[in-house]
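In what follows, a single structure is set out as structure tokens and then discussed.
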Amino acid sequence: MKNWRISFTRQGAKSKIYLILVLLVLSAALLSICLGAVWIEPKAVLRVLLGRDRSSVQANIILLTRLPRTCGCLLAGMALAVSGAVIQSVLSNPLAAPNIIGVNSGAGMAVIICTAIAPTAVTAMPFAAFAGALFAVLTVLAIAEKTGASKMTLVLSGVAVTSIFSAVTDAVITFVPEALNGYSDFRIGGFANLTFAKLGPAFWVILAALLLVLSLSNELDVLMLGRETAQSLGLRTKPLRLILLALAAALAGAAVSFSGMLGFVGLIVPHIMRKIVGENSLELVCSCALGGAALVTFCDLLARVLFAPYELPVGIVLSLLGGPFFIVLLLRQRKGRIP
Amino acid sequence: MIELKQLCAGYGDRVVLRDISLRFEAGKLIVLLGPNGSGKSTLLKTIVGLNEKRGGEILLDGVSVDALSPRQRAKRVAYMAQKRNTPNIIARRMVLHGRFPYLSYPRRYFLEDLRIAEEALALAGAADVAEAPMEELSEGQRQKVYLAMALAQDTASILMDEPTNFLDVRHQLNLMKLACRMTAKGKCVVMVLHDIRLAMKYADEIIVLENGEVQGDGTPGQIYQSGVIDSVFGIRLSKFETTSGPEYYYE
């Protein structure tokens, strides 16, 4: 009985962590809507969100500019962080993340090709991004399966895959210069000029993929025990790995389709959450979703206020945070502190 | 009970096991001995389905593995792999994973699963570390938790691939005693070992493999008498009597 009591105490601590994460997300979202060229009172924001004010200037600013942007931040952060957590778990590699192993650049390449072929097909973007991301993730998986790749080999193959996708992207831009419109913003990643029309299709893809990942959390737990143990417990590891990586690609691809190639969210958030809540997949996925949403929204806020009235693309802030984080992880791995 | 009939297995073009016919009875501790590359681990992996068999038949409790789904197979035989990941979860959660073959969608644990996991933890002597994160446990404690997970799988047979690796002498002896307790409860325990003295002391039956073929099969006494260990390993195994039974040493 003593053990169960301890268990409840730890459960209590985890509830507090979730509460803090929810509060972080809510405060980030509220600040993201209130802050900008014009400060809007939280009360006014609530009035607009509750539908009591639809015609004032403030309502227009919120509904047409700030709300889509905030929703985009929350959605992209959520999707990229969960995608990173899934990829790291499936590949048993703490250094794997959508941008490190080339998933983001695969999605970016597909988006550029889609823009070159059908510039007005906004609804097709998330699906094209998904296809590109899936292609990238399957390429990396094939390398891992073929070579029994070590953690570092996987990262290096990600570098190679990324450079191939970048070359294809550059080639498309060379032949179809119109596809370049907005590409530099897309490459860095940002949420300026985001609309609900652009966000809509990605929202449904992310929602569906997130629910499927949650429904497979127990399988993911067993998969993390290692291939041999998982198979001996009756798990069909090969199809499951493919399904989970396809879901991770859908999450990252859909996010990239409207946010551009945001880096490091899928690396930073899962790492921090693993330390805080452990590796129980259900808890890890939920905390990553909340943590990712909060991180990207706060970074976007930072990007907006740091050099106001000028605005930095949020991708720059995330890279400035994520780059050093990645270097620290590499150094820790060299010291053998990352298994 | 596990029955192998003319089993052949291998990797790629390489044949590792040739015409293996064996019976692993319930209530026995069976130890597989043999030099590196003799096919001991491959034999366990083939039984549990991690490696495809090339020919012959494997029967688990009288049923051919070809007629069993992976989950049905996992309800009949548990496997402690040599290489495992250690996720950052608490030991109790780890042991509960042993109930995975019994879970149907949406994979929620019932009170029965929790009860079985608690019993497994107690039997494996790991109840005191149930709430500890796996990462914080010593190798010996982890091994007990993995064993508890195999016990929670509630199978008639348990296969262990070199379970004494990385364990100090005290933990090695504890593990062997634990395996004996499991056989006393009617389980069939099949273990790959490199320590000949441990095998001779604790095993009910020893099977000696070399180049994928069975060179000897019998009780420790019979194996000693046959001299098969001497010829397979190129050593001289000797025996002396003590008050607690025969002990073996080699040079």
Side-chain angles (χ1 to χ4, degrees), chain A residues 1-11 13-14 85 88-94 148 151 211-212 214-240 270-284 337-339, chain B residues 41 44-45 47-51 68-94 96-103 105-109 114 118 121-122 127-135 146 149-150 152-153 155 158-159 161:
Chain A
M1 288 309 288
K2 187 185 164 199
N3 284 334
W4 288 110
R5 200 178 68 237
I6 297 167
S7 168
F8 283 129
T9 315
R10 291 196 177 188
Q11 208 56 47
K14 279 184 182 166
Q88 284 167 17
S89 298
V90 172
L91 297 179
S92 300
N93 191 335
K151 292 173 175 56
L211 290 175
L212 283 169
L214 285 172
S215 75
L216 290 171
S217 59
N218 212 316
E219 278 83 350
L220 190 55
D221 276 339
V222 175
L223 194 66
M224 277 161 55
L225 301 178
R227 188 186 67 85
E228 290 191 349
T229 305
Q231 274 185 324
S232 73
L233 286 168
L235 191 73
R236 294 178 198 269
T237 53
K238 218 168 186 172
L240 182 71
H271 260 280
I272 294 172
M273 291 307 155
R274 272 201 171 86
K275 293 281 171 214
I276 297 175
V277 301
E279 287 188 301
N280 180 339
S281 297
L282 186 65
E283 292 172 354
L284 183 66
R337 287 167 69 186
I338 294 177
Chain B
S41 297
L44 296 194
K45 285 179 185 176
I47 293 170
V48 87
L50 297 173
N51 186 37
L68 297 173
S69 70
R71 271 172 193 269
Q72 285 170 329
R73 195 192 290 221
K75 288 178 186 175
R76 288 166 190 263
V77 59
Y79 173 67
M80 274 175 68
Q82 198 179 336
K83 285 180 190 165
R84 288 168 298 229
N85 294 351
T86 306
N88 183 17
I89 54 176
I90 61 166
R92 176 178 284 114
R93 178 80 195 173
M94 186 83 182
L96 267 172
H97 285 323
R99 302 300 298 160
F100 184 79
Y102 300 89
L103 300 183
Y105 202 78
R107 318 254 188 261
R108 293 287 163 257
Y109 296 110
L114 293 171
E118 289 303 309
L121 276 162
D128 55 330
V129 296
E131 279 300 314
M134 287 297 289
E135 282 186 341
Y146 290 125
M149 188 171 89
Q153 216 171 316
T155 54
I158 299 179
L159 313 183
D161 197 354

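Quick note on labels: first sequence line is chain A, next is B, and so on, each numbered from 1. When reading the values below, keep in mind they use all heavy atoms of this one structure, side chains included, and skip hydrogens, waters and symmetry mates.
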Chain A contact via B:Arg73 - which portion, at a heavy-atom distance below 4.5 Å:
neither

What part of B:Met149 lies closer than 4.5 angstrom to a heavy atom of chain A: side chain, backbone, both or neither?
side chain

In terms of heavy-atom pairs under 4.5 Å with chain A, the winner among B:Arg108, B:Lys75, B:Arg93, B:Gln82 is B:Arg93

So, for B:Leu44 and B:Leu159, which heavy atoms are closest and what is the spacing to 0.1 Å?
O-CD1, 3.7 Å

Only pairs of heavy atoms separated by less than 4.5 Å count here; which of A:Asp221, A:Thr229, A:Leu216 has the most with chain B?
A:Asp221

For A:Arg227, all residues meeting side-chain contact (heavy atoms from CB on, under 4.5 Å), sequence neighbours excluded
A:Gln231, A:Thr237

For B:Gln153 versus A:Ser232, what's the shortest heavy-atom pair and its separation?
NE2-O, 3.4 Å

Specify which of B:Arg71, B:Arg99, B:His97, B:Met134 makes the most heavy-atom pairs with chain A at under 4.5 Å.
B:His97

Is it the backbone or the side chain of B:Lys45 that comes under 4.5 Å from a heavy atom of chain A, or both, or neither?
side chain

Considering non-hydrogen atoms only, spot the tightest contact between B:Asn85 and B:Tyr146 and give its length.
O-OH, 3.5 Å

Kindly give the heavy-atom pair with the smallest separation between B:Ala78 and B:Ala150, and that separation in Å.
CB-O, 3.8 Å

Portion of B:Tyr109 that has a non-hydrogen atom of chain A nearer than 4.5 angstrom
side chain

Write down the atom of A:Leu284, the atom of A:Pro270, and the distance for their closest heavy-atom approach.
CD1-O, 4.2 Å

Please classify the contact between B:Leu103 and chain A as side chain, backbone, both or neither, with a heavy-atom cut-off of under 4.5 Å.
side chain

Heavy-atom distances under 4.5 Å only: say whether B:Met80 touches chain A with side chain, backbone, both or neither.
neither

Between B:Ala74 and A:Gly234, which heavy-atom pair has the shortest distance, and what is it?
CB-N, 3.7 Å

